Amino acid sequence: MNTLTITPYTQIPNVIQSQLDDFLTLCFSTKLPSLLLDDSCGIHFLLYNEHSIVGYLFTESFDREEIEFVGAIHPEHRNKGYFKYLLSFSYRYLKKYLPLKKSCYYSCYLSGEERNSIEIIRHFGGKTISTEFILTCTKENTTQPLEISLQPTTNIALLSHIHSQIFSQTKEESYTQLCESMDGTFFYLMFQQQVVGMVHISSSHSLHYLSFFGILPKYQRLGFGTSALDMIFSQYETIDLQVSSLNKKAYSFYRNYGFSIKSSYDYIILQKKVLEKLPCHC
């Protein structure tokens, strides 16, 4: 008998908690950022039996107008209605505690291999608005024509200010909240004692994940981005990162540098009125 348990990650039973990393890696074919396992970012829904995880759904919302989620069902338990059940259960649960607006959307990342889940979302009116690519690169013989250095920092306020200049669509307060919940290390990118950009790198075992990387506007198109990556690769053998198909400039930059596609996810959006029609039982 499967039991749907809603609990913070730190309170998941040990026998289940120890399986979550391997479960996510199995379902998504890549190591997901540790940010997903931080309670402050959202709510985790686990569908599991006595011994193993059957399904998982992570949800987060910062503005109450859009709820993002990442979900997966174990390969041995697919085509049984569990994903639909998790989706509808999470919506009804969140509706009790969040003042969701009528224009609320659910948006999600789904692996291209998760055909059943994608078909379910699209069946209920979900539309793909972008594809998120997981890129990977192992770089050798970097040149570093510009002498960029990496300076570790914990100054979240200044990082948030720099981030808002690089990515103008992000509010400083939202980024501050995000930074405070992230594992890994933040760095300033320095050139001749001037901050030219920022980067965040998280590591797990042999995998290094580039979560944030940006050059300040006045230093862009001058070779700082390439030199910064060269500097990063002088310290890390292999780097993974995520980039959206909508960000054509960044996608082109990384591919030209030498990154290859490791996997991809569809970013699908569902209107609230569609979720209200989902059945509440699998």
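These numbers come from the heavy atoms of this one structure, side chains and all, not from hydrogens, waters or symmetry mates. Only a predicted model underlies this, so the values are computations on that prediction, with no experimental measurement involved.
Nearest approach of Phe133 to Ser245, heavy atoms of both residues: CE1-CB, 3.8 Å. Nearest heavy-atom pair across Phe23 and Gly55 is CZ-CA, 4.1 Å. The nearest pair of heavy atoms linking Gln19 to Ser52 is OE1-CA, 3.3 Å. The minimum heavy-atom distance between Leu189 and Ala228, with the atom names listed, is CD1-CB, 3.8 Å. In plain terms, the two heavy atoms of Tyr82 and Val54 that are nearest each other are CD1-CG1, 3.7 Å. The heavy-atom pair separating Tyr219 from Gln194 by the smallest distance is OH-CB, 4.0 Å.
To the nearest 0.5 Å, atoms CE (Met198) and CG (Leu158) are separated by 10.0 Å. Atoms OG and CZ, on Ser202 and Phe186 in that order, are 9.5 Å from each other to the nearest 0.5 Å. Here the straight-line distance linking atom CD of Gln242 with atom NZ of Lys262 works out to 12.0 Å at 0.5 Å rounding. The CD1 atom of Ile134 sits 4.0 Å away from the OH atom of Tyr209 when rounded to the nearest 0.5 Å. With values rounded to the nearest 0.5 angstrom, Phe259 atom CZ is found 6.5 Å from Leu210 atom CG. One finds the CG atom of Leu146 at 13.0 Å from the CE atom of Met231 (value rounded to the nearest 0.5 Å).
The hydrophobic clustering, which links ILVMFWY residues whose side-chain heavy atoms are closer than 4.5 Å, places Leu222 and Leu216 together. When the side chains of ILVMFWY residues are joined at heavy-atom separations under 4.5 Å, either directly or via intervening members, Ile261 and Phe213 end up in a single hydrophobic cluster.
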Task: Audit row: Tyr257, Asp230, side-chain contact (heavy atoms from CB on, under 4.5 Å) steps and yes/no - done: CA-CA 10 Å; Tyr257 184 83; Asp230 283 349; 2.5 Å; yes
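Looking only at side-chain heavy atoms (C-beta outward), Thr138 and Glu237 come within less than 4.5 Å of each other. Side-chain contact between Arg221 and Ile215 is absent, with no heavy atoms from C-beta onward closer than 4.5 Å. Thr185 has its side chain out of reach of Ile201: every pair of non-hydrogen atoms, C-beta onward, lies at least 4.5 Å apart.
For Phe253, the ring pair (Phe, Tyr, Trp, His ring centres under 6.0 Å) criterion is met by no residue, not counting sequence neighbours.
Heavy atoms of other residues, nucleotides or ligands lying less than 6.0 angstrom from CD of Gln235 number more than 12.
Gln151 contributes no side-chain N or O that, together with a main-chain N or O of Tyr188, makes up a donor-acceptor pair within less than 3.5 Å. With hydrogens and angles ignored, the 3.5 Å screen pairs no side-chain donor or acceptor of Ser227 with any backbone N or O of Phe224. Looking at Lys139, its side chain never comes within 3.5 Å of a backbone N or O of Ile239 through a donor-acceptor pair.
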